[in-house]
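These notes are about the structure you will find just below.
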Amino acid sequence: MPTAKQKDACDLLDADHKAVKKMFTEFEELTEARGNTREKKRQLAEKICLELTVHARIEEEIFYPPVRKAIKDELMMNEAEVEHTTAKDLIAQIQSMQPGDPLYDAKVLVLGEYIDHHVKEERNEMFPKARASKVDLVKMRDALQSRKEELLAELEQAAA
């Protein structure tokens, strides 16, 4: 995912959203392609799952706690956490499968639709409220980027 400097934490998180959206689009194209695309799908699904796992962790560890406290919108924040839990469950299911398994493509595509919904809520509701709060989103951006790099390195090393 992009590592170029974004203006604030919301910009960094949204750059992740856009990068994952592109991967889901690519996966969907592979499901419609002729020929043997299993290995490409497996690699792409693994990358999607890795990126989403890291993204969810940095949001949960660094972004959500101060935003929850600052904006005082319990329902919106609770919904975001439930959506993360459901996405993590789907990710675990995908990681336990292989391309060619009966529900593999469907699970990856549904995860993409689910993430689309989650992203729209963050982009249209949570991010504007976070930006209107007193949370230092510029300072948080650096913490998010640092933790993201750390987690990616850990997970890539564990997978090797």
Side-chain angles (χ1 to χ4, degrees), residues 1-6 8-31 33 35-68 77-123 126-127 130 135 137-160:
M1 290 199 181
T3 55
K5 287 281 187 190
Q6 286 82 24
D8 68 17
C10 298
D11 291 323
L12 182 140
L13 295 172
D14 208 37
D16 284 358
H17 295 156
K18 289 173 184 165
V20 169
K21 172 74 174 168
K22 188 176 177 188
M23 286 185 262
F24 278 118
T25 300
E26 196 177 323
F27 187 91
E28 189 170 355
E29 289 167 1
L30 286 174
T31 64
N36 187 352
T37 59
R38 283 185 182 178
E39 183 57 23
K40 284 182 182 174
K41 282 197 249 183
R42 184 192 62 74
Q43 290 175 356
L44 194 52
E46 279 181 13
K47 183 155 178 56
I48 288 168
C49 290
L50 172 73
E51 296 290 347
L52 287 175
T53 298
V54 168
H55 181 84
R57 288 267 307 268
I58 65 173
E59 280 188 335
E60 291 164 6
E61 291 176 7
I62 299 168
F63 186 75
Y64 285 177
V67 169
R68 175 184 285 276
M77 298 308 296
N78 290 343
E79 277 184 41
E81 286 188 27
V82 170
E83 289 168 354
H84 273 211
T85 301
T86 305
K88 286 188 251 185
D89 182 47
L90 256 179
I91 288 168
Q93 291 175 44
I94 292 164
Q95 290 174 324
S96 72
M97 301 172 79
Q98 293 296 319
D101 287 354
L103 297 177
Y104 187 84
D105 289 356
K107 286 185 188 237
V108 175
L109 294 174
V110 167
L111 177 63
E113 292 166 1
Y114 199 75
I115 296 301
D116 257 359
H117 166 81
H118 179 71
V119 165
K120 282 181 185 139
E121 288 187 346
E122 284 188 344
R123 190 177 286 151
M126 189 183 297
F127 291 174
V135 175
L137 296 173
V138 174
K139 184 177 175 186
M140 185 189 291
R141 173 203 62 209
D142 297 335
L144 287 166
Q145 183 64 45
S146 176
R147 181 68 174 135
K148 178 179 168 181
E149 289 168 6
E150 185 180 295
L151 287 168
L152 282 170
E154 282 175 23
L155 291 171
E156 286 170 353
Q157 186 177 8

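You'll find the side chain of Lys21 stays beyond 4.5 Å of the side chain of Val119, heavy atoms only. Between Lys107 and Asp101 there is no side-chain heavy-atom pair separated by less than 4.5 Å. Side-chain contact between Phe127 and Asp11 is absent, with no heavy atoms from C-beta onward closer than 4.5 Å. Using a 4.5 Å heavy-atom threshold, the side chains of Met77 and Tyr64 count as touching. In this structure, Phe63 and Ile58 have side chains that are not in contact, with every pair of non-hydrogen atoms separated by 4.5 Å or more. Side-chain contact between Glu51 and Leu152 is present, with heavy atoms from C-beta onward closer than 4.5 Å. The shortest distance between side-chain heavy atoms of Glu122 and Asp14 does not fall below 4.5 Å. Residues Glu29 and Thr25 form a side-chain contact, since some pair of their non-hydrogen atoms from C-beta on lies under 4.5 Å apart.
Of the inter-residue distances, the one linking Leu13 atom CG with Arg123 atom CZ reads 11.0 Å to the nearest 0.5 angstrom. To the nearest 0.5 Å, atom CD1 of residue Ile62 and atom NZ of residue Lys148 are 11.5 Å apart. Distance check: Leu52 CG to His84 NE2 gives 9.0 Å after rounding to the nearest 0.5 Å. Summarising the geometry, atom CG belonging to Asn78 is positioned 11.0 Å from atom CD belonging to Glu83; distances are rounded to the nearest 0.5 Å. Here the straight-line distance linking atom CG of Leu137 with atom CG of Leu12 works out to 11.0 Å at 0.5 Å rounding. Rounded to the nearest 0.5 Å, atoms CE (Met23) and NZ (Lys47) are 5.0 Å apart.
With Thr31 contributing its side chain and Glu28 its backbone, the two residues share a donor-acceptor pair below 3.5 Å. For Thr86 (side chain) and Val82 (main-chain N/O), a donor-acceptor pair under 3.5 Å exists by modelled atom type.
Nearest approach of Ala9 to Met140, heavy atoms of both residues: CB-SD, 3.8 Å. Shown here for Pro66 and Val135, the closest heavy-atom pair between the two residues is O-CG2, 3.7 Å. In this structure, Ala45 and Ile94 approach most closely via the heavy-atom pair CB-CG2, 4.3 Å.
The 12-atom threshold is exceeded at NZ of Lys88, counting heavy atoms of other residues, nucleotides or ligands nearer than 6.0 Å. Environment of CD in Glu39: crowded, with over 12 heavy atoms of neighbouring residues, nucleotides or ligands closer than 6.0 Å.
Remark: Lys22 does not engage Glu26 in a salt bridge, criterion side-chain N to carboxylate O under 4.0 Å. We find that Lys41 and Asp105 are joined by a salt bridge, their nearest charged nitrogen and carboxylate oxygen being less than 4.0 Å apart. By the 4.0 Å N-to-carboxylate-O rule, Glu154 lies too far from Arg57 to be salt-bridged with it.
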Tell me, with the steps shown, if Phe24 and Val108 meet side-chain contact (heavy atoms from CB on, under 4.5 Å). CA-CA 8 Å; Phe24 278 118; Val108 175; 4.2 Å; yes
Please determine whether side-chain contact (heavy atoms from CB on, under 4.5 Å) holds for the pair Gln98 and Arg42, giving the CA-CA distance in whole Å, both sets of side-chain angles, and the decisive distance to 0.1 Å. CA-CA 7 Å; Gln98 293 296 319; Arg42 184 192 62 74; 4.0 Å; yes
Starting from the C-alpha separation in whole Å, work towards a yes-or-no answer on side-chain contact (heavy atoms from CB on, under 4.5 Å) for Arg68 and Glu81. CA-CA 11 Å; Arg68 175 184 285 276; Glu81 286 188 27; 2.8 Å; yes
Could you walk me through whether His55 and Val20 satisfy the side-chain contact (heavy atoms from CB on, under 4.5 Å) test, starting with their C-alpha distance in whole Å, then the side-chain angles of each, then the deciding distance to 0.1 Å, before giving a yes or no? CA-CA 10 Å; His55 181 84; Val20 169; over 6 Å; no
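Screening Ile48, Leu151, Ile91 for a side-chain contact (heavy atoms from CB on, under 4.5 Å) with Thr53, the sole residue that qualifies is Ile91.
His17 and His118 are not linked by any side-chain donor-acceptor pair at a separation below 3.5 angstrom, with hydrogens and angles left out of the test. Side chains of Glu113 and His117: a donor-acceptor N/O pair is absent below 3.5 angstrom, by distance only.
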